[in-house]
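Below is one structure, written out as structure tokens, with a few remarks after it.
Reminder, nothing fancy here: chain letters follow the sequence lines and each chain counts from 1.
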Amino acid sequence: MLGTVAGGGIGAVDVGSDGATGEPVELTLDALPDYVRAQEASHAPRWVWSDSAHWLPGLLTSGVTVARCHDLRLCHGILARSAYTGDRAPLVTAEEWRRAVEEPVVASPTATLFDLEIEHADRATVPADLPAALAEFARQRAALDSSGADGRRLRILLAAESAGALIAAEMRSAGLPWSAEEHDRLLSEALGPRPASGMKPAGMVALAERIEGALGVRGLSIDSAPKLLQALRGAGIDVQSTSQWELIEHEHPAIAPLLQYKKLARLLAANGWSWIDEWVRNDRYRPVYVPGGVVTGRWASSGGGALQIPRRLRPAIRADAGWTFVSADVAQLEPRVLAAMSGDRAMAIAGQGKDLYAGIVESGAVPSRQDAKIAVLGAMYGSTSGDAGRLVPRLRRIYPHAMRLVDDAAATGERGGIVSTWLGRSSPAPDPEWFDLQARAQANAATAADESRARRASRDHGRFTRNFIVQGTAAEWALAWMADLRLRLARFPETSGDRAPASGSAFERRAHLAFFLHDEVIIHAPLDQAEAAATAIRDATAAAGRLLFGDAPVEFALDVVIGRTATKE
DNA sequence: CCGCCCGGCGCG
DNA sequence: AAAGCGCGCCGGGCGG
């Protein structure tokens, strides 16, 4: 247990596995890293602290890593909302911890970008002092004890969520190896050489001229959607918006250069040269990962768009000399998770082997792989029209258990109810306006418009809860996967080879996690540890499946690639 | 001038 | 004009 004490020092208390607390120790901030290092060496406790994002960056900067923690902020967020929690009342009424449920922490990227001092991570989030931490930990233990058999799943979820907080901080500390040179080369190839600041790259200027010529307009502001729309319509192109999926339907000489222009404009704005200047230092990109930042339990990110790096820039992810990447992604994670949680044997069998969609085609449900994909995504997202609307009912016949689970989740959501993931992360209730809308539609004075608005809101929320249980369970599977993998990698020997100067912590001197994207990890590994890291990923995949779903016959198929650039496919 | 919303598009 | 979930970020445009 770690917390601040009056006067600005640090207080620490040993917490036994039975929850018994020992004598408090008082430390100065400077003495903290050595204290934590010593505790790790002697008995590797599970550190209980207010907020990993508060405590860990400074420790990592000092070269200290911790094996396990219990993150009170993240765990409060789960327990205070979970339908699995027996008695939530004491947590819900703990006012000072409410932010943990209401708003995920988004660190200020500018404040913490290259300076991982503890002071900078000290944002107003949840209480960081020792008495508050002790009180909250006691509430959380009591909440778990009141949860009966569901407590087992919640405990797994809390451990996985807390491990995710460690991984997020460690990955930020390590950074993603990134070649600014390769990035610049890719940009120049697409856009032309870097222009003076404020100027458009030559590639975009040339396309703009072609677009103006084709539309018969001079001085068009292509970047202004209203002006562009007006110009398109003026040229006889009957569109309602300027989005690419609508433009692509029309035949006109302006369309091709316009679509190309939009691609380049996006690349320049989101990941152009100023992105490199802002986010890449010493061959490292250091995004802020936000564990639990999405209601479903997925991570969010803040700063540089870490979870939206375009595929075409993947070649800029470049391992250090003497190192390589081991990249792995899970094929069709979400449908596999759905098969497991619903106990749908037929769907599980379709997923035996690499490609679940091919298995669905073999089952005879649909004629082609593309149809299988549309049908499965449609089932999980709640599509009712188009190809998906036609294909989903076939799935309902062949995989009744899987479909029943998501259909029930949707029905619950349409009524304003709450659904939960496999391990017990629960969906937020609709806001009061939603219930107002439903009540108004039920009233005697309700108009047809009231009823249709209410029905639409109801369906919208049903699609949200339908997807919530699958996306959320996939997210906790991924957390369990990474948590297991992280501890396997931590047992690798430290490499004796040369290392880039950016390295600070011990975990960076062996194979370590460098990137995570929902169903995909990238490990940065010394060349001689790459094969072992690949094995660790495969072992972690099996372990995560067992931890969540026991002996259910579901396979989680992996694509593993070893190489110095982290390209996919 | 600032904050906010929104269209649009990148990722899963 | 998206059908069909979850995000973050950008620039334009608007209201204050």
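Taking atom CD of A:Gln260 as the reference point, atom P of B:dG8 lies 19 Å away to the nearest angstrom. Atom CZ in A:Arg463 sits about 5 Å away from atom P in C:dC5, given to the nearest Å. When the P atom of C:dG4 is taken as reference, atom CD1 of A:Ile374 falls 13 Å away, rounded to whole Å. The distance from atom NZ of A:Lys373 to atom C1' of B:dG12 is 11 Å, rounded to the nearest whole Å. Atom P of nucleotide B:dC11 and atom CG of A:Leu517 are separated by 10 Å, given to the nearest angstrom. Rounded to an integer number of Å, the gap from CD1 of A:Ile222 to C1' of B:dC9 is 17 Å. Rounded to an integer number of Å, the gap from NE2 of A:His518 to C1' of C:dC5 is 12 Å. Atom CG in A:Leu264 sits about 18 Å away from atom P in B:dG8, given to the nearest Å.
In this structure, A:Trp481 has its ring center at least 6.0 angstrom away from the ring center of A:Phe556.
Across all strands, A:Ser385 comes closer than 4.0 Å only to sugar-phosphate atoms, never to a base (heavy-atom distances). The residue A:Val470 sits apart from the nucleic acid: no heavy atom pair falls under 4.0 Å. Counting any heavy atom pair closer than 4.0 Å across all strands shown, A:Ile309 reaches sugar-phosphate atoms only and no base atom.
Counting heavy atoms from C-beta on, the side chains of A:Leu395 and A:Ile360 come closer than 4.5 Å. By the 4.5 Å heavy-atom criterion applied to side chains, A:Met347 and A:Ile398 are not counted as neighbours. Inter-residue side-chain proximity for A:Pro177 and A:Phe515 is flagged as unmet; no heavy-atom pair is nearer than 4.5 Å. Taking the side chain as every heavy atom from C-beta outward, A:Trp178 and A:His183 approach each other to under 4.5 Å. Within the 4.5 Å cutoff, the side chain of A:Ser458 has heavy atoms near those of the A:Gln438 side chain.
The side chain of A:Lys262 contributes no N or O atom lying less than 4.0 Å from OP1 or OP2 of B:dG10. For A:Arg311 and B:dG12, the shortest distance from a side-chain N or O to OP1 or OP2 is below 4.0 Å. Using a 4.0 Å cut-off, some side-chain N or O of A:Thr384 falls inside it from OP1 or OP2 of C:dG4.
Put simply, CG on A:Leu79 and CD on A:Glu161 are 10.5 Å apart, with the number rounded to the nearest 0.5 Å. The structure places CZ of A:Arg318 at 5.0 Å from CD of A:Glu182, a figure rounded to the nearest 0.5 Å. Between A:Leu186 atom CG and A:Arg314 atom CZ the span is 13.0 Å, to the nearest 0.5 Å. Summarising the geometry, atom CG belonging to A:Asp484 is positioned 9.0 Å from atom OG1 belonging to A:Thr541; distances are rounded to the nearest 0.5 Å.
Using cut-offs of 30° and 60° on the angle between ring planes, the pair A:Trp299 and A:Phe516 is perpendicular. Ring geometry for A:Trp279 versus A:Tyr285: interplanar angle over 60°, hence perpendicular rather than tilted (30 to 60°). Relative ring orientation between A:His524 and A:His512 is described as perpendicular, the plane-to-plane angle rising above 60° on a 0-90° scale split at 30° and 60°.
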Using the side-chain contact (heavy atoms from CB on, under 4.5 Å) rule, take A:Leu215 and A:His252 through it: C-alpha gap first, then chi angles, then the decisive distance, then the call.
CA-CA 9 Å; A:Leu215 294 176; A:His252 191 283; 4.1 Å; yes
Taking it one step at a time, do A:Leu176 and A:Arg284 satisfy side-chain contact (heavy atoms from CB on, under 4.5 Å)?
CA-CA 5 Å; A:Leu176 179 62; A:Arg284 288 294 185 276; 5.9 Å; no
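For NZ of A:Lys373, the number of neighbouring non-hydrogen atoms (other residues, nucleotides, ligands) closer than 6.0 Å is 12 at most. Counting heavy atoms of neighbouring residues, nucleotides and ligands inside a 6.0 Å radius, atom CZ of A:Arg312 does not exceed 12 of them. Within 6.0 Å of atom CZ in A:Arg394, more than 12 heavy atoms from other residues, nucleotides or ligands are found, so the atom counts as buried in its surroundings.
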Protein heavy-atom contacts under 4.0 Å, written 5' to 3' over nucleotides 9-16 of chain C as B (base), S (sugar-phosphate only) or - (none), form the string SS-SS---
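Scanning residues 352-360 of chain A for heavy-atom distances under 4.0 Å to DNA chain B yields an empty list. The stretch residues 233-252 of chain A touches DNA chain B through A:Ser241, A:Thr242, A:Ser243, A:Gln244, each having a heavy atom under 4.0 angstrom from the strand. Of the residues in residues 405-432 of chain A, not one places a heavy atom less than 4.0 Å from an atom of DNA chain B.
Of all non-hydrogen atoms in A:Val554 and A:Ala348, the two that sit nearest each other are CG2-CB, 3.8 Å.
With a 6.0 Å cutoff to the six-membered ring centre and a 45° limit on the axis angle, A:Arg153 counts as a cation-pi contact of A:Trp422.
On the P atoms, B:dC5 is 26 Å away from C:dG4, given to the nearest whole Å.
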Would you tabulate the pairs of protein nitrogen or oxygen atoms and nucleotide nitrogen or oxygen atoms of nucleotides 1-3 of chain B closer than 3.5 angstrom?
none

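Within 3.5 Å, a donor on the side chain of A:Arg298 pairs with an acceptor on the base of B:dG12, or the reverse.
With a 3.5 Å limit on both pairing distances and Watson-Crick or G-U wobble geometry required, the stems of 3 or more pairs in DNA chain C span B:1-12 with C:5-16.
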